[in-house]
Amino acid sequence: MRTNRAIRTPGGLSLRLDVRASVVVGLILLAALTASVVLIGTGDFPIPAGDVLKTLLGNGNAGQEFIINELRLPRVLVGLLVGASLGLGGALFQAISRNPLGSPDVLGLSQGATAGALTMIVLFSGSATQVTLGALVGGLLTGLAIYVLAWKQGVHGYRLVLVGIGISAIVTAVNGYLLTRSTLTEAAQAVVWMTGSLSGRDWTQVWPLLWLCAVLVPLVLANARGLRMMEMGDDVSNALGVRVERARLLLLVAAVLLTAAATAAAGPVSFVALTAPQLARRLTRSPGPNLVPSLCMGATLLVTADWVSQKVFGADQLPVGVVTGVLGGVYLLWLLVTERKAGRI
């Protein structure tokens with residue numbers, strides 16, 4: 001039995017609060033903050049968690065302030081924002097496609113962003129800023145191609161997934177071709193970027209992601225009710241007053257932007273967008289897209305994976321994308337077995 005509580009404001013507004021989901025979100029946020037503090041203190045010069053908190057509050061010494069505020073805090077913030085963007089984007093794709101496999105990794109958006117970055121690296125010897133812009137443009141163009149090709153009197157779940165898988169295969173082949181055109185130096189740079197890493201991230205990556213999330217997250221949450229209605233089918237949603245195609249297009253654009261921006265900032269970090277919504281749903285046991293829990297879970301997963309990679313292998317020795325890839329691959333196999341036993345695939 002679920003525990004729900006209705007909250008009413010003096011102005012006449014009412015809000016239904018899912019107590020279990022709220023507790024889960026609070027615990028996930030606490031885990032994300034704890035992992036972030038521990039991660040900031042991890043590195044060649046370890047800093048105790050107490051000193052990290054003192055420095056963040058402005059009471060540290062000059063050396064600690066430089067290491068934390070200039071070197072480590074931006075990396076952690078990028079990790080939180082990238083993880084949150086991927087978690088929310090994955091939840092949107094899975095809700096719209098009504099398929100647990102409908103994530104940016106499977107649909108080809110990450111591969112599209114990779115193609116844009118590789119184009120800038122291999123064909124134009126682009127700078128870091130140009131590579132970032134190339135990844136963003138590549139992700140947006142891939143999302144547009146998927147939407148156009150999946151359109152047939154609307155965009156529906158399985159067609160969206162099938163078209164995305166086809167686009168993913170094509171773009172992956174293009175990426176392989178671009179790598180064959182590269183020099184040894186360009187190939188090394190491309191492979192590092194394609195793995196997905198938070199190494200070397202600074203404030204120039206933080207601010208664009210922060211502003212994008214500040215705009216898109218409220219926009220997505222404002223349309224959460226329509227997204228939940230769409231899970232019951234287009235006919236029922238239309239009958240309930242939801243403008244289905246308008247809402248679907250708006251949310252797809254938001255999901256593509258979130259995914260492309262996250263990929264542009266940290267490379268194609270795999271499986272966070274796939275696993276975060278499913279883990280959030282299983283923890284909250286709540287119907288619907290679970291947007292806020294997925295966002296928080298994505299942020300927690302990425303900073304925790306980055307801490308694991310640094311703790312086990314040393315700072316900057318193992319890109320975080322390798323850790324998420326291994327863990328996500330195991331989870332994907334488990335998900336496929338579970339869906340097969342349930343008769344859904």
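All figures in this text were calculated on a predicted structure; none of them were measured in a lab.
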For this session: Take Leu140 and Val256 through the side chain to side chain contact (heavy atoms under 4.5 Å, CB included) test and state the conclusion after the steps.
Result: CA-CA 6 Å; Leu140 293 175; Val256 169; 3.7 Å; yes
For this session: Please step through side chain to side chain contact (heavy atoms under 4.5 Å, CB included) for the pair Phe271 and Val326, ending with a clear verdict.
Result: CA-CA 9 Å; Phe271 287 113; Val326 171; over 6 Å; no
Exercise. Stepwise, does the side chain to side chain contact (heavy atoms under 4.5 Å, CB included) test hold for Lys54 with Asp51?
Worked result: CA-CA 5 Å; Lys54 285 171 55 179; Asp51 290 342; 4.2 Å; yes
For this session: Tell me, with the steps shown, if Leu283 and Leu27 meet side chain to side chain contact (heavy atoms under 4.5 Å, CB included).
Result: CA-CA 11 Å; Leu283 288 175; Leu27 292 175; over 6 Å; no
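Cluster annotation: Trp211 and Val215 are assigned to distinct hydrophobic clusters (Ile/Leu/Val/Met/Phe/Trp/Tyr, side-chain heavy-atom contacts under 4.5 Å, transitive). Follow the hydrophobic side-chain contacts under 4.5 Å out from Leu107 and you reach Ile165 in the same cluster. Under the 4.5 Å side-chain contact rule for hydrophobic residues, Leu141 and Leu212 do not share a cluster. Residue Leu30 is not grouped with residue Val38 when hydrophobic side chains (ILVMFWY) are merged at heavy-atom distances under 4.5 angstrom, including chains of intermediate members. Phe124 and Leu178 fall within a single hydrophobic cluster, where Ile, Leu, Val, Met, Phe, Trp and Tyr are joined by side-chain heavy atoms under 4.5 Å apart, directly or via other members.
A pairwise comparison of heavy atoms in Cys296 and Val25 identifies SG-CG1, 4.0 Å as the closest pair. In this structure, Pro277 and Ala91 approach most closely via the heavy-atom pair CG-N, 3.4 Å. Contact record, Gln64 with Ile47: NE2-CG2, 4.3 Å, taken as the closest heavy-atom pair. Summarising the geometry of Val303 relative to Ala35, their closest heavy-atom pair is CG2-CB, 3.9 Å, with the distance given to 0.1 Å. Here the closest non-hydrogen pair linking Thr259 and Gly89 is OG1-CA, 4.4 Å. Residues Val206 and Val78 share a closest heavy-atom pair of CG2-CG2, 3.6 Å.
With a 4.5 Å cut-off on side-chain heavy atoms, Leu252 and Leu92 do not count as touching. With contacts defined as side-chain heavy-atom distances shorter than 4.5 Å, the pair Ser270/Thr324 qualifies. Contact of the Leu39 side chain with the Arg75 side chain is not registered, since no non-hydrogen atoms from C-beta on lie closer than 4.5 Å. In this structure, Asp306 and Leu302 have side chains that are not in contact, with every pair of non-hydrogen atoms separated by 4.5 Å or more. Met194 places a side-chain heavy atom less than 4.5 Å from the side chain of Leu179. A heavy-atom distance below 4.5 Å is found between the side chains of Leu73 and Leu56. Proximity of Leu251 to Phe93: side-chain heavy atoms (C-beta onward) are nowhere separated by under 4.5 Å. Side-chain contact check for Cys213 versus Ser85: some heavy-atom pair is nearer than 4.5 Å.
Of the inter-residue distances, the one linking Leu29 atom CG with Ser36 atom OG reads 10.5 Å to the nearest 0.5 angstrom. Taking CD of Gln130 as the start and OG1 of Thr119 as the end, the distance is 12.5 Å to the nearest 0.5 Å. If you take CG on Leu209 and CG on Leu258, they are separated by 9.0 Å, rounding to the nearest 0.5 Å. Atoms OG1 and CG, on Thr114 and Asn175 in that order, are 5.5 Å from each other to the nearest 0.5 Å. Expressed to the nearest 0.5 Å, how far CZ of Arg72 lies from CZ of Phe45 amounts to 8.5 Å. Here the straight-line distance linking atom OG1 of Thr300 with atom CG of Leu80 works out to 8.0 Å at 0.5 Å rounding.
No side-chain donor-acceptor contact under 3.5 Å links Gln94 to the backbone of Ser103. Here the side chain of Ser168 pairs no donor or acceptor atom with the backbone of Gly164 at under 3.5 angstrom. Remark: side-chain polar atoms of Thr263 are not paired, donor with acceptor, to backbone N or O of Pro268 under 3.5 angstrom. In this structure a side-chain-to-backbone donor-acceptor pair under 3.5 Å is missing from Glu70 to Ile67. Listed for the Arg201 side chain is a donor-acceptor partner under 3.5 Å among the backbone atoms of Ala265.
No more than 12 heavy atoms of other residues, nucleotides or ligands shown are found within 6.0 angstrom of CH2 on Trp207. Heavy atoms of other residues, nucleotides or ligands lying less than 6.0 angstrom from CG of Leu57 number more than 12.
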